[in-house]
Trainee: 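So that we are looking at the same thing, I have put the structure below in structure tokens.
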Amino acid sequence: MSRDHVQSAERPVGSAEAPFLELLARGASADAYEQPVLIARAEGRPAERITALEEAKVLALRVRSELEGRRRREAELSALFETAHDLAGLRDLDAVLRAIVQRARSLLGTDVAYLSLNDPARGDTYMRVTEGSVAARFQQLRLGMGEGLGGLVAQTSRPYVTDDYFKDDRFQHTLAIDAGVRDEGLVAILGVPLTLGHHVIGVLFAADRRARVFEREQIALLGSFAALAAAAIDTANLLTETRSALTELERANAIIRDHSGVIERASDVHDRLAELVLRGGGVHDVAAAVSEILDGRVEFAETAPAEALESSRAEGHAVRHKDDWIAAVAAGGELLGALVLRGRPGLDPVDQRTLERAAMVTSLLLLARRSAAEAEQRVRGELLDDLLDVRDHDPRLLRERAARLHADLDATHVVLAARLDGSAADADLEAAARRRLWSAASHLAATRHGLAAARDGGTVLLLPLTEGDTATELARRTAGHLGTAVHEAVTVGASAPVRDLAAQPDTVAAAYEEGRRCLETLRLLGRSGDGAAAQDFGFLGLLLAGDRDIQGFVERTIGQVVAYDDRRNTDLLRTLDAYFACGMSPARTKDELHVHVNTVAQRLERVGRLLGEDWQSPARILEIQLALRLHLLSGRARPAAAQTGR
């Protein structure tokens with residue numbers, strides 16, 4: 001402080017205390033309190049004045065120390081209050097512990113503060129939170145009970161302080177702990193225990209990187225923070241236990257709700273399915289009801305993926321197939337179809353049992369209706385027998401009988417001859433297999449608005465042909481359906497489409513003979529279990545077909561070449577005829593046609609584009625030659641006068 005300034009301070013007050021009061025007012029450092037005495041001596045003031053200043057200085061320093069103590073205690077109390085407030089609103093234990101360590105370091109003015117917790121499972125203590133630490137190895141230290149200063153505090157439940165860690169032999173030094181402390185550069189360390197009741201759960205530390213003596217007030221302050229940290233940990237543990245108990249309670253409540261829901265849903269399913277049965281509902285009514293219950297799309301299907309269907313039938317449970325669930329509908333050893341839940345890859349056990357129960361009800365409905373169905377089947381068989389035997393020629397009566405069976409004799413139909421592949425060694429087993437075949441065929445006919453009858457050791461079906469369908473496709477589907485239903489290979493031969501059956505009932509008998517010939521041909525060719533129509537056998541189909549459809553065979557075989565000649569006025573047919581007549585030699589063909597060999601090659605290339613790349617394979621050549629010969633013999637070929645020689 002300058003001389004003029006001190007003098008100016010003395011003048012208004014007129015006493016020795018004045019300069020020290022000013023120093024107290026502006027919070028000067030302790031060294032500044034020597035300045036008024038030194039200035040007075042330098043100015044040669046009387047001894048009384050200097051003595052008064054000395055006394056005032058001592059008093060002022062005492063006041064200053066008291067004020068600093070009060071401020072420090074206020075700061076400590078404020079920090080403790082803030083920490084307690086954080087603890088009262090505990091949400092994150094780590095955040096509260098970090099705040100405690102940060103405030104302890106700040107108030108004690110240490111380089112580092114840290115907190116360790118005991119691990120009962122491993123019997124040691126480990127670092128939980130650090131503040132001011134820079135060494136990774138120190139932050140990951142684990143101290144055994146009794147090892148290091150912290151281990152000693154954790155073991156004895158008493159605070160310990162050391163002015164110089166490495167020179168203190170009151171605790172056990174270990175290489176790992178000393179290396180971590182050395183990496184951090186710590187010298188003076190204070191540790192106080194974190195206690196819950198009589199149990200030590202950890203240690204709170206304050207440490208400096210230089211020698212230091214921790215005062216009693218600082219030890220007490222750190223102990224207060226340790227008590228708050230222990231309370232925070234205890235509160236967090238209680239909250240964790242409470243949350244765990246609540247979670248368990250919620251889980252138990254969820255289980256109770258689920259079980260209650262299962263019972264309610266099972267009761268609802270039972271009531272709804274029972275109501276369906278009592279009011280005479282059908283399988284599709286069951287599927288619709290289960291669709292609503294399962295909140296999905298459930299369908300009754302006559303066929304389903306074979307492996308999944310067989311697995312469901314064998315296990316008696318619904319099985320998953322890709323994104324669908326399939327429950328077999330079976331009666332005894334006979335598969336009647338399946339209930340299919342579409343697009344629900346995830347299905348809980350309750351919903352799975354609901355689907356299985358619905359499949360069982362469906363099978364019971366089918367069994368309950370079997371007796372009525374068998375009566376209807378007999379009626380359907382009698383009508384088809386009359387058509388096959390050309391009885392009851394009155395078209396009106398035939399239509400009326402068919403209408404009562406929901407069949408339309410004026411629609412386009414296909415007659416199918418079906419037979420089991422092979423025969424059983426036991427006559428009774430073979431008879432039972434034939435009955436199953438007839439039952440499956442009758443069921444198929446009833447669902448497709450057709451007719452079925454047992455005949456010639458097999459079954460004959462009269463099924464309507466939908467637009468866009470073919471006799472071949474219908475025969476193959478029927479073979480697959482019947483084979484799945486009876487668990488044996490079933491071969492099916494189909495006639496060409498037939499019409500006006502009421503007006504021309506003899507057409508059915510002829511079509512049946514055609515279907516039988518196709519059936520026998522399939523078996524001779526080793527294609528048992530397959531389905532086909534006459535048109536599938538190429539020129540052989542001419543022999544099998546009842547009406548010898550020559551024009552149809554020609555059209556299917558070389559129709560595109562005929563049409564091309566007609567549109568373009570070209571000569572591809574005559575070129576083909578000459579090509580075959582000349583042993584398929586282009587050089588001899590060009591001489592026969594009196595054209596250049598390149599012209600022959602170009603025409604044959606055009607034929608290949610029209611008939612396909614394999615048109616010169618042996619099988620195709622045979623059919624093409626036969627079709628070409630039939631076309632020429634039919635007189636539909638253009639006369640020679642119309643041919644241009646191109």
Side-chain angles (χ1 to χ4, degrees), residues 380-381 383-390 393 395 398-399 401-403 405-419 441-442 444-453 455-456 458-482 490-522 527 530-560 623 627 630 634:
R380 290 179 184 276
L383 175 57
L384 184 53
D385 282 335
D386 289 346
L387 290 172
L388 290 169
D389 297 335
V390 198
H393 291 283
L398 289 174
R399 289 191 180 94
R401 292 173 63 188
L405 299 171
H406 305 289
D408 181 9
L409 295 182
D410 292 324
T412 301
H413 285 73
V414 173
V415 178
L416 303 126
R419 190 176 299 171
S442 297
L444 177 61
T447 56
R448 299 290 179 84
H449 304 294
L451 304 174
R455 180 163 289 222
D456 300 324
T459 302
V460 55
L461 297 96
L462 179 68
L463 298 180
L465 188 66
T466 59
E467 185 177 355
D469 205 358
T470 66
T472 299
E473 293 170 350
L474 182 58
R476 288 176 179 166
R477 285 201 307 273
T478 302
H481 177 89
L482 296 179
V490 177
T491 307
V492 177
S495 72
V498 291
R499 301 171 181 83
D500 301 326
L501 303 183
Q504 304 176 32
D506 54 337
T507 304
V508 178
Y512 173 56
E513 292 302 322
E514 180 180 335
R516 285 186 61 193
R517 288 194 292 271
C518 290
L519 170 63
E520 294 302 328
T521 302
L522 283 172
R527 291 173 58 184
D530 199 357
Q535 65 183 19
D536 301 315
F537 297 100
F539 73 90
L540 184 58
L542 294 175
L543 305 176
L544 302 175
D547 58 0
R548 303 294 191 271
D549 185 14
I550 294 175
Q551 184 57 34
F553 172 72
V554 172
E555 177 65 26
R556 290 191 299 271
T557 308
I558 61 172
Q560 291 186 336
E623 292 188 358
L630 291 172
S634 69

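Throughout, residue positions are numbered sequentially from 1 according to the sequence presented.
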Trainee: If you round to the nearest 0.5 Å, how far is CG of Leu465 from CD of Glu473?
Mentor: 9.0 Å
Trainee: Keeping the roles fixed (side chain from Asp408, backbone from Asp410), state whether a donor-acceptor pair exists under 3.5 Å.
Mentor: yes
Trainee: From Leu501 CG over to Leu398 CG, what is the distance, rounded to the nearest 0.5 angstrom?
Mentor: 9.5 Å
Trainee: Decide yes or no on side chain to side chain contact (heavy atoms under 4.5 Å, CB included) for Arg455 and Asp385, but give the supporting numbers first.
Mentor: CA-CA 9 Å; Arg455 180 163 289 222; Asp385 282 335; 3.1 Å; yes
Trainee: Tell me the closest heavy-atom pair linking Ala418 and Leu482, and the distance in Å.
Mentor: CB-CD1, 4.0 Å
Trainee: Please report the shortest heavy-atom distance between Ala471 and Val414, naming the atom on each side.
Mentor: CB-CG2, 4.1 Å
Trainee: May I ask you to decide if Val415's main-chain N or O and Ser495's side chain share a donor-acceptor pair within less than 3.5 Å?
Mentor: yes
Trainee: Run the numbers on Arg477 and Asp469 for side chain to side chain contact (heavy atoms under 4.5 Å, CB included), then give the verdict.
Mentor: CA-CA 11 Å; Arg477 285 201 307 273; Asp469 205 358; 2.5 Å; yes
Trainee: What pair of heavy atoms forms the shortest contact from Arg476 to Gly531, and how long is it?
Mentor: CG-O, 3.1 Å
Trainee: Any sub-3.5 Å donor-acceptor pair from His406's side-chain atoms to His449's backbone N or O?
Mentor: no
Trainee: For Thr491 and Arg419, what are the C-alpha separation, side-chain angles and deciding distance, and is it a side chain to side chain contact (heavy atoms under 4.5 Å, CB included)?
Mentor: CA-CA 6 Å; Thr491 307; Arg419 190 176 299 171; 5.6 Å; no
Trainee: So which atom in Ala532 and which in Ala475 form the shortest heavy-atom distance, rounded to 0.1 Å?
Mentor: N-CB, 3.6 Å
Trainee: Could you go through Val490 and Thr459, starting from their C-alpha distance and side-chain angles, then the distance that decides it, and tell me whether this counts as side chain to side chain contact (heavy atoms under 4.5 Å, CB included)?
Mentor: CA-CA 10 Å; Val490 177; Thr459 302; over 6 Å; no
Trainee: Using the side chain to side chain contact (heavy atoms under 4.5 Å, CB included) rule, pick out the option among Leu387, Leu463, Val508 that qualifies with Leu451.
Mentor: Leu387
Trainee: Please name the pair of heavy atoms, one in Leu474 and one in Pro464, separated by the smallest distance, quoted to 0.1 Å.
Mentor: CD2-O, 4.2 Å
